[in-house]
Amino acid sequence: MSLLSIDNLQTHFFTSAGVVKAVDGVSYSVDRGEVLAVVGESGSGKSVTGLSVMGLIEPPGRIAGGSIRFDGKEIANLPQAQMRKLRGARIAMIFQDPMMTLNPVLRVETQMIETIKAHRSMSWNKAWAHCRDALGRVGIPSPDERMRAYPHQFSGGMRQRVAIAIALLNKPDLIIADEPTTALDVTIQAQILHLMQQLVEEDGTGLVWITHDLSVVAGFADRVAVMYAGEIVEQATTDGLITAPRHPYSRGLIGSVPSRNVRGTRLAQIPGGPPPPLNRPDGCRFAPRCTFRKQGCEAAQEIRDDVRCWRVADLPALEEVSA
Amino acid sequence: MVYIIRRLMQAVFLALVMSFLVFAGIFSVGDPVAILIDPEATQAERVRLVAQLGLDRPFHEQYFIFLGNVLQGDFGNSFVYNRPALELILERMPATLELAFASIVIAVVLGIPLGVYAGLRHGSVGSKTIMAGSILGFSVPNFWQAIMLILIFAVILGWLPVSGRGEVGQFMGIHSSLFTLNGLKHMALPAINLAIGHLALVIRLARSGTREVRAQDYIRFARAKGLSEKRIVMVHLLRNILIPIVTLVGMSFGGLIAFAVVTESIFAWPGMGKLIIDSIHLLDRPVVVAYLIVIVMIFIILNLLVDLLYSLIDPRIRLDEVRQ
């Protein structure tokens with residue numbers, strides 16, 4: 001049994017302009033100690049899926065259908081009081097911008113200790129020592145002094161380390177990381193990636209790593225789910241996806257990674273843009289941009305062999321295409 | 001420390017400029033002699049009195065004599081009461097201060113919770129009601145509102161007294177009508193009348209602050225940590241919306257002390273506002289000048305306190321970076 005399994009999740013936003021199906025039938029699962037990368041461009045629904053798991057979808061949005069099972073228990077639309085007990089204790093989340101995730105007017109120690117106290121009764125002194133050790137564990141130098149500091153006294157990378165330390169405080173079973181390295185410098189990105197990899201390995205934590213950066217995925221995630229326009233278009237092992245992407249969209253993504261392009265030529269790109277969320281095609285949502293489009297694509301909606309493309313078996317191999 | 005010294009020097013300069021403007025203004029408005037002296041007085045008596053008051057000297061001499069006296073703590077005697085002007089003002093100050101204090105407390109204690117509620121439950125019936133009420137609150141003319149309050153609560157319902165200050169109690173050496181039931185009853189209507197406009201502003205600031213802050217990532221992160229809604233609102237949200245509210249309260253407090261004239265007149269509250277209006281009518285120059293200088297000092301002190309509070313509320317603000 002998987003630690004987290006999402007099945008046909010529907011998270012919709014009921015706006016005055018219409019129903020935005022931000023997440024439209026997403027299914028994936030994560031095991032303990034496994035790293036699943038969820039890749040997709042902005043607006044593909046990858047973050048909303050993460051927030052749905054956390055029960056942090058706010059009106060006008062709500063989970064309109066499907067199931068989210070965590071450790072065998074259904075948690076989609078769980079009452080807030082019960083969800084609160086899970087959040088921060090068994091499922092933790094890290095957000096994109098470390099400049100914004102820590103409250104600017106509260107000391108780091110306050111923001112750490114409250115995370116423990118929200119879930120366990122522990123003396124202040126003991127909680128303080130625990131938090132200090134957690135800061136040390138994520139590589140913050142002289143944690144004793146830094147406990148008293150305010151967020152603005154840390155650099156971006158250090159703040160993300162603090163956020164990670166907070167996420168790990170209650171030894172969660174699952175961490176959802178929503179683009180935690182996107183706002184950081186490349187060198188800091190690598191450090192944070194390495195740190196996360198090491199921490200989830202030590203604790204056997206399941207990790208959902210939401211990103212739009214494919215280069216982050218390689219060598220880090222066990223499996224990858226590629227999202228497009230509210231749906232998962234392909235799920236594969238990381239190696240499988242990188243060496244042999246099958247869905248036309250995944251091929252486009254892999255094809256546009258700069259290192260795969262020949263120096264001096266124009267960078268490959270996927271023409272067009274994603275369909276507007278209020279007006280998506282009925283059949284394959286990628287069809288209007290797909291180089292392999294054929295008659296029938298506009299109506300096709302089936303998933304074949306973990307790939308949301310009815311012609312996946314007929315498509316030419318990747319090398320032939322780029323050659 | 002350097003910051004505070006610099007601020008105090010600014011304060012002295014400001015008080016100096018203010019004293020000159022006020023002195024020159026009053027000088028040009030009219031001749032106090034016409035009001036002060038008995039129309040039946042002889043020419044000799046007139047000349048003697050004018051010389052005694054120093055009113056025969058040129059403007060700049062009068063001003064520098066005045067300034068020299070002020071530096072020694074002497075604001076001159078009131079032409080009307082023939083008592084030191086400063087003493088008159090300080091005598092009336094407690095009544096005004098307690099009224100201003102009571103209305104600020106009402107505005108803040110009611111305004112912040114109502115505003116935060118309206119911000120959190122944006123679009124709900126309760127929120128819309130509060131916001132409509134707040135528009136009413138700062139639109140209704142103060143004097144009319146005061147008369148309506150008197151009509152409803154004093155005349156028709158008979159719950160509260162119409163006017164006056166009531167009994168004054170003593171607590172820890174401070175005399176104030178805040179400490180007796182009778183005093184509080186007398187204060188209720190004027191304090192509410194002064195509070196309503198500021199209450200409406202506090203509600204609006206608290207609401208817009210709440211709507212802005214609650215969409216911030218750190219609030220979502222606080223939720224993701226599993227904190228209770230109560231802690232998120234009371235600790236994470238509240239401190240982040242306080243800065244504009246503190247600014248408003250500081251400015252309002254000064255305004256309430258200096259310009260509660262209408263309310264004090266309607267409720268016959270024996271505060272400074274009433275004194276200053278009477279003094280302006282009688283061209284009682286020493287009192288007007290002393291009053292305005294006292295008010296300038298109060299504003300300067302309040303501004304300084306507000307700046308100090310900023311740095312307490314938000315650690316990112318350092319005093320040496322705060323500029324006026």
Side-chain angles (χ1 to χ4, degrees), chain A residues 47 50-51 53-60 80-108 110-120 148-153 159 162-163 166-167 169-170 172 175-178 183, chain B residues 112 116-128 206 209-247 307-322:
Chain A
S47 295
L51 290 171
V53 174
M54 293 297 286
L56 288 176
I57 297 294
E58 281 177 44
Q80 277 299 319
Q82 288 176 49
M83 203 60 225
R84 189 183 75 72
K85 286 185 186 143
L86 285 179
R87 282 201 293 262
R90 300 200 58 202
I91 313 175
M93 190 158 182
I94 305 167
F95 293 94
Q96 176 173 351
D97 189 351
M99 297 298 177
M100 299 303 298
T101 48
L102 298 175
N103 193 321
V105 303
L106 299 175
R107 291 181 198 279
V108 163
T110 314
Q111 303 193 46
M112 295 190 84
I113 290 170
E114 67 181 4
T115 313
I116 294 185
K117 292 219 167 229
H119 299 288
R120 299 180 260 174
R148 302 272 305 152
Y150 287 97
H152 70 277
Q153 292 163 317
R159 280 192 226 188
V162 173
I166 290 175
L169 270 177
N170 292 316
I175 297 176
I176 297 169
D178 188 0
Chain B
I112 292 181
V116 169
Y117 176 87
L120 290 175
R121 299 264 181 284
H122 175 66
S124 71
V125 176
S127 166
K128 283 176 180 158
T210 301
R211 291 195 60 196
E212 193 190 314
V213 167
R214 84 188 203 104
Q216 297 288 327
D217 275 0
Y218 55 78
I219 297 295
R220 197 150 61 164
F221 190 57
R223 290 226 163 80
K225 294 196 294 188
L227 301 186
S228 64
E229 203 59 24
K230 189 176 143 212
R231 183 163 176 98
I232 290 171
V233 172
M234 301 297 280
V235 178
H236 286 258
L237 189 134
L238 207 53
R239 276 195 65 176
N240 280 290
I241 66 168
L242 278 183
I243 291 259
I245 294 176
V246 165
T247 314
D307 282 355
L308 290 173
L309 266 177
Y310 280 174
S311 66
L312 278 182
I313 294 169
D314 192 334
R316 287 169 298 180
I317 297 174
R318 290 192 10 240
L319 284 181
D320 43 11
E321 286 165 4
V322 180

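What you see is a predicted model, and the numbers here were worked out from it, not measured in a lab.
Within a 6.0 Å radius of CD in A:Gln153, more than 12 heavy atoms belonging to other residues, nucleotides or ligands are found. Other residues, nucleotides and ligands contribute over 12 non-hydrogen atoms within 6.0 Å of the CZ atom of A:Arg120.
The residue among B:Ile313, B:Asn240, B:Val235 with the most heavy atom pairs within less than 4.5 Å of chain A is B:Asn240. Per-residue heavy-atom pair counts under 4.5 Å with chain B were compared for A:Leu86, A:Leu56, A:Ile91, and the maximum is reached by A:Leu56. Among A:Pro104, A:Pro59, A:Pro172, A:Ala118, the residue making the largest number of heavy-atom pairs under 4.5 Å with chain B is A:Pro104. Between chain B and the residues A:Glu58, A:Glu114, A:Lys85, the largest count of heavy-atom pairs under 4.5 Å involves A:Glu114. Ranked by heavy-atom pairs under 4.5 Å with chain B, the first of A:Asn170, A:Thr110, A:Leu106, A:Ile176 is A:Leu106.
The contact between A:Leu102 and chain B is made by backbone and side chain atoms together, counting heavy-atom distances below 4.5 Å. The contact between A:Gln111 and chain B is made by backbone and side chain atoms together, counting heavy-atom distances below 4.5 Å. In this structure, the portion of A:Leu51 lying under 4.5 Å from any heavy atom of chain B is its side chain and not its backbone. Contacts of A:Met93 with chain B are made by both backbone and side-chain atoms, with heavy-atom separations under 4.5 Å. Neither the backbone nor the side chain of A:Ala81 comes within contact range of chain B; no heavy atom of the residue lies under 4.5 Å from a heavy atom of that chain.
With hydrogens and angles disregarded, no donor-acceptor distance shorter than 3.5 Å links the side chain of B:Asp314 to the backbone of A:Val105.
A:Arg84 approaches B:Ser228 most closely through the heavy-atom pair CD-CA, 3.7 Å.
For residues 216-223 of chain B, heavy-atom neighbours of chain A at less than 4.5 Å comprise B:Gln216, B:Asp217, B:Tyr218, B:Arg220, B:Phe221, B:Arg223, sorted by residue number.
Every residue two or more places apart in sequence or in another chain that forms a side chain to side chain contact (heavy atoms under 4.5 Å, CB included) with B:Ala118 is listed here: B:Ser127, B:Ile130, B:Met131, B:Arg207.
Annotation: the span from B:His236 atom NE2 to A:Asn103 atom CG amounts to 5.5 Å, rounded to 0.5 Å.
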